[in-house]
Chemist: 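Below you will find the structure I want to go over with you.
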Amino acid sequence: MKELARAYNPQETEDRIYQLWEKSGFFNPDVLIKNKVIKKTANPFSIVLPPPNVTGALHMGHAAMLAVEDILIRYHRMKGERTLWLPGTDHAAIATESKVEQILQKKEGETRHDLGREKFLSQVQQFAKESHDAIIHQVKKMGASLDWSREAYTLDTERSLAVKTAFERMYKEGLVYRGDRIVNWDPKMQTTVSDDEIEWKEEQAPFYYLKYGPFTIGTARPETKFGDKYVVMHPKDKRYAKYKQGEKIQLEWISGIISATIIKDDSVDMDFGTGVMTITPWHDRTDFEIAERHNLEKEQIIDQKGKLLSIAGEFQGIHIKKARPLLVEKLKEKGLLKKIDKTYTHRIATNSRGGGIIEPQIMRQWFIDVKKEFSFPHTGLAGIKKGQKTTLKKLMLHVVKTKQVEILPKRFEKIYFHWILNLRDWCISRQIWFGHQIPVWYKGKDIKVGTAPPTEQGWQQDPDTLDTWFSSGLWTFSTLGWPKKTKDFDTYHPTSVLETGYDILFFWVARMILMSTYLIGEVPFRTVYLHGLVRDEQGRKMSKSLGNVIDPLTMVEKYGADATRLSLIIGAAPGNDLKLAEDRVKGYRNFANKLWNIARFIQMNTEDYKEEKNPKLSSKDTKILSDFKKTKQEVTKLIEEYRLSQAAETLYHYTWHTLADKILEDSKEVLENKKTRSARQYVLSMVLQELLRLLHPFTPFVTEELYQQLFLKDKKKNLMIESWPA
RNA sequence: GGACACUUAGCUCAGCGGCAGAGCACUGCAUUCACAUUGCAGGGGUCGUAGGUUCAAAUCCUACAGUGUCCACCA
C-alpha cells in the first residue's frame, strides 16, 4: 500500500474523484440495479433538483441547497434505497429575458423590438446555453451526485408537451380563463408581472388635498384623477350621512364642470385623510374592486407606455412623470388645491425582475381561477373522493392540513395557509418572448386550445408567453415523463423531499402542490425542507452592489468542496438564515486534513495487521467500540429527523475530539505493546472504515479518496455505494 | 395594521425541563513523534427584562423591550 501524502490536497483530488463517480454510472439508480448494488424492489427515494435559473452563475444559496440534497441522497443511496436525484435548469422567462435585454441595451443600445422576436430569441437562447454550462460545471464541483442521464430543462420538448397538456386540461375544466382584469403592468419592460414578483419600496411623496365639490379628497397621484366621477365614503360615516348612495352632484373639476356620483363602500377608512376618496378603477386595484362591486364605469387614463390619454385634455400625450407638476400648477390656479402634506410616506410597487414602477392597468389576460368549483377527477388522494366538488385553493390547503405534505420547519405551514387564504386568481400570461408561447390559436372570433397548432390556414397563435412558474409548477412530474406513462413516473412520484429556500415557498412550492393535485391527483412531494438564506458575516444579503458576495467556486478552489459543504451545513437550522464567514470554511478545510491524518496514522500503524476473527479486546477496546456505536446511532437518528447540522457536528466532534485526541493518543502506547497491538489495530481499522462511511454524505471527496486508498480491494466499487453502518 | 422568528462567552451559534456548551478569536506552554491546516492547559456568560408554572427553568406560560423577516386594498 502506498503511503498517504502528508496533507490532504483537495485541488488534486476532487475532479479526479468526481470523474470516477460519473464513470461508474452509479448516480443512476438503473445502473445500481443492473449491477446488483440495490434491489429493484427497494424503496424509492427521490428528489428533483430545484432547477437553477439560466441567468448566470450559482451563488452560495445554491451551494447550500446542493449540499443538503446531496447529503440526503448519498445517505439514502447507502441505505440501499432506489435513490434518484434528478437535475435540471429553469429558463426563468422574465428574469433571463430582462438580463439579455440589459446586455443588449448596454452593448448595442438596442431593445428587443429593434431586433425582432426571432433574432432576439436566438440571442437569449445563446445566453441561456452559456449559463447552463457554467451552472452544470459548478454543480459538479460541489460533488452533487445527480443522475445526469435524466437532465431536464423547463423549456425542452418534453416539458413543453407537459405545459401544453396542463394548459389544455385546465382550460377545458374552465380553470384557465381569459378576462379583462386589473393586472400589474410594468411600462418599462412592457409586460404584466404576478403579485408575488412585486417588490414594495417605501417612498416619501407629497400628498395633495383637493377640492372636489363639497368634499376634500386626498391623493398622492393627482395625475390619475382626470376621469374621477365617483366619490366614495363609508356608509357609517356620520359626517357624510346627508349624501345618499347613487346621488349625483355637479362640481367644478380639472377640465370643467362634471357630474359625480356618491358611492358608499365599507372599504373606505374613515380615519384616513378626510374619509372621502374618488376612484380610478382602471389604474388601482382597490378602486377596481369597488367599481366591480357597484357596477361602475371604468375608464383608461394612462396608456401602456405611461402617457396620458385624450381624457386628460391638454395634457394628452404627456408622460405621467412630467404631467404631475403641470397639473398641480393648474389645480392651484383653479383654486382646487387646498394643501400639500410633505411628510406623507407610502409604498410603491416595482417589478423585482429588473423592471420599472408598476402601473396597474385593466388588460385582457389569461388567469388560473383558484376559487372555481369543479369535480375532482382522480382517485387516490386521501380525503378527497373522485367526483367531489372542490377548488384549487381547497386542494392546496387540504394536502398540507392533512399532513400529506409536511413542511419543515413547521412554522412555515401557518405562513403557507395565510398566503393561500389571500390568494387571488393567478395571472399567467406575460407579454415577453422568452418562454412557453400560450397554446391558444385565434381566427376571427374562433379560438382553439390544444397541444398542437390547428392544421387549417389562418389561425394565429397568441403572442404571449406563460409565467415561468407555470412550467416549474409541473417540475416534479414533467421531469419524470408526464403526460406520458413512464416507469420513472410510477416509481419515483410522489417525490420524497423537496428542498428549497423559504423565499420561494409561495412562488413555487404552492404552485407545485396546485398543479400536482389537480393534474394527477397526487401530492408532488411528502416533505418540504426549507433552508435559510446564506448571508454575509454581518447578516446582510449577498449582492453585487454591496461587494460582499462569496463565490462558491472560489471557496471550492481555495479550501475544497468538502470544507465548503460543511460550512454551509453546520450551524444552519432549517428555515434559519446562515451567516457565512470565510474563516469558517478554512476551519472545515482543517477538519478534512485532520481526518486525512487520522487515516495516515492508522495506515502507518496497521501495515502489519493481519485480520483476526476473534481479536482479544481489552475493556478499553470494547469501550471505544460501544461509544462509536452510540455515535453511529445518534447520527442516523439525526439525519432521519433532517437535523443535518447536528449530525455533521456530532461527526465532526467525534472525529476530532474523540478519535484523534483521545483514542489515537491512547493507542500510541497500546500499539507499542505486542500483547495489545493487534486488537487495537482491529479496533482502529474498523472505526476508521465505518467513520468514513458515516462522513461520506457530508464530505464525499476526502472520504472517497481515503476509502479508495485504504479499504477498497475491488476497484470497480466505490465508497459511494458502500452500505450505511448500522 | 397583522403574523412569525431571533435575543446564550468578544464573534457565529448549538442546547429546548435536571451540574451553562461548541467552533472561531484570546492567553500561556509544548513540539524533529499522523497532522502547525498541530497538541495540552486556561481566562471569559445573573442564557434580553419582569412576572408565573414546577422539587427543579436558558428550556414551558404571560407580558414587555430590542432586532429581523414575511404578509396586507389606507386612497
Side-chain angles (χ1 to χ4, degrees), chain A residues 3-10 182 195-196 200 207-210 217-222 224-225 228 231-233 265-280 283-290 344 346-347 349 360 409-419 421-424 502-503 505-506 532-533 535 537-541 559-560 563 566-567 570-573 575-605 643 645-646 649-650 652-653 656-657 660-661 664-665 667-668 684:
Chain A
E3 192 181 298
L4 293 172
R6 281 178 68 86
Y8 173 55
N9 179 354
I182 192 151
D195 293 347
D196 304 289
W200 295 92
F207 193 74
Y208 304 91
Y209 285 93
L210 307 178
I217 58 159
T219 183
R221 303 204 53 195
T224 64
K225 295 282 156 203
D228 287 11
V231 56
V232 191
M233 57 212 73
D265 194 278
D266 287 339
S267 66
V268 176
D269 180 351
M270 287 188 267
D271 300 324
F272 186 86
T274 57
V276 183
M277 65 179 191
T278 61
I279 57 167
T280 315
H283 300 293
D284 184 280
R285 167 159 271 137
T286 314
D287 294 1
F288 176 83
E289 282 165 9
I290 292 171
Y344 178 71
H346 67 153
R347 300 193 311 158
K410 217 171 141 36
R411 66 186 143 94
F412 283 98
E413 280 183 8
K414 230 177 173 177
I415 301 174
Y416 173 85
F417 291 139
H418 185 252
W419 180 80
L421 288 172
N422 288 311
L423 186 62
R424 276 188 281 253
Y502 64 74
D503 52 329
L505 176 64
F506 308 135
L533 270 40
R535 298 172 177 277
E537 271 173 279
Q538 291 152 53
R540 300 173 302 179
K541 258 191 175 176
Y559 306 109
L566 279 182
S567 74
I570 296 180
N576 284 5
D577 292 352
L578 174 78
K579 286 179 201 162
L580 184 72
E582 190 169 331
D583 265 356
R584 290 199 38 233
V585 189
K586 209 176 189 173
Y588 295 117
R589 187 260 330 248
N590 298 355
F591 172 74
N593 189 56
K594 189 75 188 177
L595 179 65
W596 183 267
N597 275 288
I598 289 168
R600 200 164 112 90
F601 175 87
I602 293 176
Q603 182 201 36
M604 290 165 91
N605 286 287
R643 297 171 68 189
S645 168
Q646 287 295 305
E649 212 174 319
T650 303
Y652 176 97
H653 207 261
W656 202 313
H657 302 297
D661 292 350
L664 257 45
E665 287 308 318
S667 296
K668 285 177 184 170
L684 291 180

Chemist: What nucleic acid atoms does A:Gly532 come within less than 4.0 Å of, heavy atoms only: base, sugar-phosphate, or nothing?
Modeler: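 It contacts nothing in the nucleic acid.
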
Chemist: Between A:Lys414 and B:A3, is there a contact of a side-chain N or O with OP1 or OP2 at under 4.0 Å?
Modeler: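 The answer is no; no side-chain N or O of A:Lys414 sits under 4.0 Å from OP1 or OP2.
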
Chemist: With the sugar-phosphate defined as primed atoms, P, OP1 and OP2, and the base as all remaining atoms, what B/S/- string results for nucleotides 21-27 of chain B, 5' to 3', for protein heavy atoms under 4.0 Å?
Modeler: --S----

Chemist: Just compare B:A14, B:C13, B:C35 and give me whichever is closest to any side-chain atom of A:Ala573.
Modeler: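 The nucleotide sitting nearest to the side chain is B:A14.
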
Chemist: Does B:C13 have OP1 or OP2 under 4.0 Å away from a side-chain N or O of A:Lys579?
Modeler: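 Affirmative; the distance criterion is met.
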
Chemist: Using atom P of each nucleotide, how far apart are B:U67 and B:G39 to the nearest Å?
Modeler: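 Per the computed distance, 41 Å lies between those P atoms.
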
Chemist: Check every strand shown and say whether A:Ala581 touches a base, only sugar-phosphate, or nothing at a heavy-atom separation below 4.0 Å.
Modeler: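 If one applies the 4.0 Å heavy-atom cut-off, A:Ala581 turns out to touch nothing in the nucleic acid.
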
Chemist: What is the nucleic acid contact for A:Arg221, judged by heavy atoms within less than 4.0 Å: base, sugar-phosphate only, or nothing?
Modeler: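 Counting heavy atoms under 4.0 Å across all strands, no contact is made by A:Arg221.
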
Chemist: A:Phe601 has a side chain; which of B:A34, B:C35, B:A5 sits nearest to it?
Modeler: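 Output: B:A34.
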
Chemist: Of the listed nucleotides (B:C4, B:A75, B:A14), which one gets closest to any side-chain atom of A:Lys225?
Modeler: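 So the side chain of A:Lys225 is nearest to B:A75.
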
Chemist: Between the base of B:A34 and the side chain of A:Glu3, is there a donor-acceptor distance below 3.5 Å?
Modeler: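 By the distance-only test, no, there is no pair.
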
Chemist: Taking protein heavy atoms under 4.0 Å as touching, what does nucleotides 66-74 of chain B look like 5' to 3' if B marks base contact, S marks sugar-phosphate-only contact and - marks none?
Modeler: -----SBBB

Chemist: By nearest atom, which of the nucleotides B:C35, B:A5, B:A75 is closest to the A:Met277 side chain?
Modeler: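 Per side-chain heavy atoms of A:Met277, the pick is B:A75.
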
Chemist: Using the closest heavy atom to pick a nucleotide of RNA chain B for each, name whichever of A:Tyr8 or A:Gly218 lands nearer the 5' end.
Modeler: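 Its nearest nucleotide being more 5', the pick is A:Tyr8.
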
Chemist: Between B:U37 and A:Arg589, is there an OP1 or OP2 to side-chain N/O distance shorter than 4.0 Å?
Modeler: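 Answer is no, no contact under 4.0 Å.
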
